[in-house]
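Reading through the structure tokens given below for one structure.
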Amino acid sequence: MKWRKSSRSGGNGGNCVEVGLSWRKSSFTGGNGTDCVEVAQSVDAVLVRDTKDRAGGMLEFSPTTWRRFLSTN
């Protein structure tokens with residue numbers, strides 16, 4: 001999982017708060033509940049994983065590649 005520094009973190013580097021990704025169900029997920037895909041976006045990557053196997057790994061795309069993918073489908 002990727003973590004990012006929260007905007008609430010102090011500027012001196014001492015008090016840092018990290019925030020994890022927020023996963024959401026993709027609009028490409030099937031309506032029957034069996035084909036589930038989740039997507040999370042960070043500053044420098046878009047991550048995709050299978051809801052049924054969250055620990056099984058994920059695909060990582062650059063934001064540019066992800067936008068290109070969405071525009072072709």
Going by heavy atoms in the side chains, are L47 and L59 under 4.5 Å from each other?
no
Roughly how far apart are T65 OG1 and E60 CD, rounded to 0.5 Å?
10.5 Å
Among residues at least two apart in sequence or on other chains, which ones pass side-chain contact (heavy atoms from CB on, under 4.5 Å) with R24?
V39
Check whether any side-chain heavy atom of F69 lies under 4.5 Å from a side-chain heavy atom of V46, and answer yes or no.
no
Distance-minimising heavy-atom pair for P63 and D44:
CD-O, 3.5 Å
How close do G57 and R49 get, heavy atom to heavy atom, and via which atoms?
O-CB, 3.8 Å
Write down the atom of E38, the atom of T51, and the distance for their closest heavy-atom approach.
CG-OG1, 3.1 Å
